[in-house]
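Accompanying notes for the structure given below.
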Amino acid sequence: MAHTEDSSRPKYQRIADTLREAIEAGQYGPGDRLPGENDLMATHGVARMTARQALGVLRDEGLAEARKGAGVFVRTFRPLRRRGIQRLAEQQWGNGRSIWSADIEGRSLEVDQLTVSEEAAPERIGAVLELDAEKPVCVRRRRFVLDGKPVLLATSYLPMPLVAGSAITREDTGEGGTYARLADLGHKPVHFREEVRSRMPSKDEVARLSMLEGTPVMLICRTAFTAEGRPVEVNEMTLDAASYVLEYDFDA
């Protein structure tokens, strides 16, 4: 959709809009160098700071990246389209497929950091899982890497009495993952609730997700329920906002 000029918006934002539209139209492809500060100053008749701010907007949005001594370039990483409804359908995990297979479209995805432990449930998690204080939970922590770029930190909590001795307590949960194993145990998830928020990342999150400066994170907290309404998993996810498009496709 063409951008409508709005003179009430700051000049640097309007320049950023023009560059963004050029990227979306294919005028600048992945890896291409964008006009530099001098170019923008000459083209738009603005001060260097205004040109710098315009390029900063694109960097903060994850569309561009600065290369020291070379300029600002269109980012080569293609954001992941997270299909929030299709990925959780039983036809995914129920047929032995990872829920990620609905999103990655043949791209390379790996979990390069994975730990599984038994811990006392944090108060907020125990409240959601309807557990008494300090009851044990199985905690699965993972970092997901797409095309060589870390994109997601995820921590799942499941009631230990529910999953003790099952593949859920091991690193490899098998085909279909955690939800398929819950179904094997007689606790099939049939309903999910996701809450989405955003904030600026911590230093640890910036490092672990290899994030660009100024990029926020999205926080998704998903709870899985059985047909009886019993909560069986809480999954807290931290996403690099520049690496994702959240897509929700449903009928009216």
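Any value given below was found using the heavy atoms of this structure, including those in side chains, with hydrogens, waters and symmetry copies removed.
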For residues Val139 and Val128: do they belong to one hydrophobic cluster (side chain heavy atoms under 4.5 Å, members Ile, Leu, Val, Met, Phe, Trp, Tyr)?
yes
With clusters built from Ile, Leu, Val, Met, Phe, Trp and Tyr whose side-chain heavy atoms come within less than 4.5 Å, directly or transitively, what are the remaining members of the cluster of Val72, listed by chain and number?
Ile15, Leu19, Ile23, Tyr28, Leu34, Leu40, Val46, Leu55, Leu58, Leu63, Val74
Partner residues of Glu228 under the side-chain hydrogen bond (donor to acceptor under 3.5 Å, both in side chains) criterion, sequence neighbours left out
Thr226
Please name the residue in the list Glu195, Glu236, Glu194 that meets the side chain to side chain contact (heavy atoms under 4.5 Å, CB included) test with Arg222.
Glu194
If you measure only the distance, is there a donor-acceptor pair under 3.5 Å linking the side chains of Asn38 and Arg48?
yes
Is it true that Leu146 and Leu114 fall in one hydrophobic cluster, defined by side-chain heavy atoms closer than 4.5 Å?
yes
Joint hydrophobic cluster, Met200 plus Val206, side-chain heavy atoms closer than 4.5 Å:
no
Return the set of residues passing ring pair (Phe, Tyr, Trp, His ring centres under 6.0 Å) with Phe73 (not counting sequence neighbours), or none when no residue passes.
none
Show the numbers, then the answer: is there a side chain to side chain contact (heavy atoms under 4.5 Å, CB included) between Ile168 and Leu182?
CA-CA 8 Å; Ile168 291 173; Leu182 283 171; 3.9 Å; yes
With clusters defined by side-chain heavy atoms of hydrophobic residues (ILVMFWY) lying less than 4.5 Å apart, directly or transitively, does Met160 cluster with Leu185?
yes
One thing to verify: whether Asp184 and Arg181 come together as a salt bridge, which I'm taking to mean a side-chain N less than 4.0 angstrom from a carboxylate O.
yes
Those residues at least two apart in sequence (or on a different chain) that pass side-chain hydrogen bond (donor to acceptor under 3.5 Å, both in side chains) with Arg141 are Glu119
Evaluation steps, side chain to side chain contact (heavy atoms under 4.5 Å, CB included), between Leu158 and Val137
CA-CA 5 Å; Leu158 303 101; Val137 287; over 6 Å; no
Could you check whether atom CE of Met49 has more than 12 heavy atoms from other residues, nucleotides or ligands sitting under 6.0 Å from it?
no
Carefully, step by step, assess Asp112 and Arg142 under the rule salt bridge (Lys or Arg N to Asp or Glu O under 4.0 Å).
CA-CA 8 Å; Asp112 75 333; Arg142 293 92 71 206; over 6 Å; no
Treat each ILVMFWY residue as a node, draw an edge where side-chain heavy atoms are under 4.5 Å apart, and state whether Leu239 and Leu209 are in one component.
no
Given Asp240 and Leu152, is the side chain to side chain contact (heavy atoms under 4.5 Å, CB included) satisfied, shown in steps?
CA-CA 7 Å; Asp240 174 1; Leu152 169 70; over 6 Å; no
OH/Tyr244 to CE/Met218 distance, rounded to the nearest 0.5 angstrom?
8.0 Å
Heavy-atom count check: over 12 atoms from other residues, nucleotides or ligands less than 6.0 Å from Lys135 NZ?
no
Walk me through it: do Val234 and Ser156 pass the test side chain to side chain contact (heavy atoms under 4.5 Å, CB included)?
CA-CA 6 Å; Val234 175; Ser156 294; over 6 Å; no
Sequence neighbours left out, what passes side-chain hydrogen bond (donor to acceptor under 3.5 Å, both in side chains) with Glu130? Give chain and number order.
none
Going by the side chain to side chain donor-acceptor pair (under 3.5 Å) test, which pairs reach into residues 65-75, not counting sequence neighbours?
none
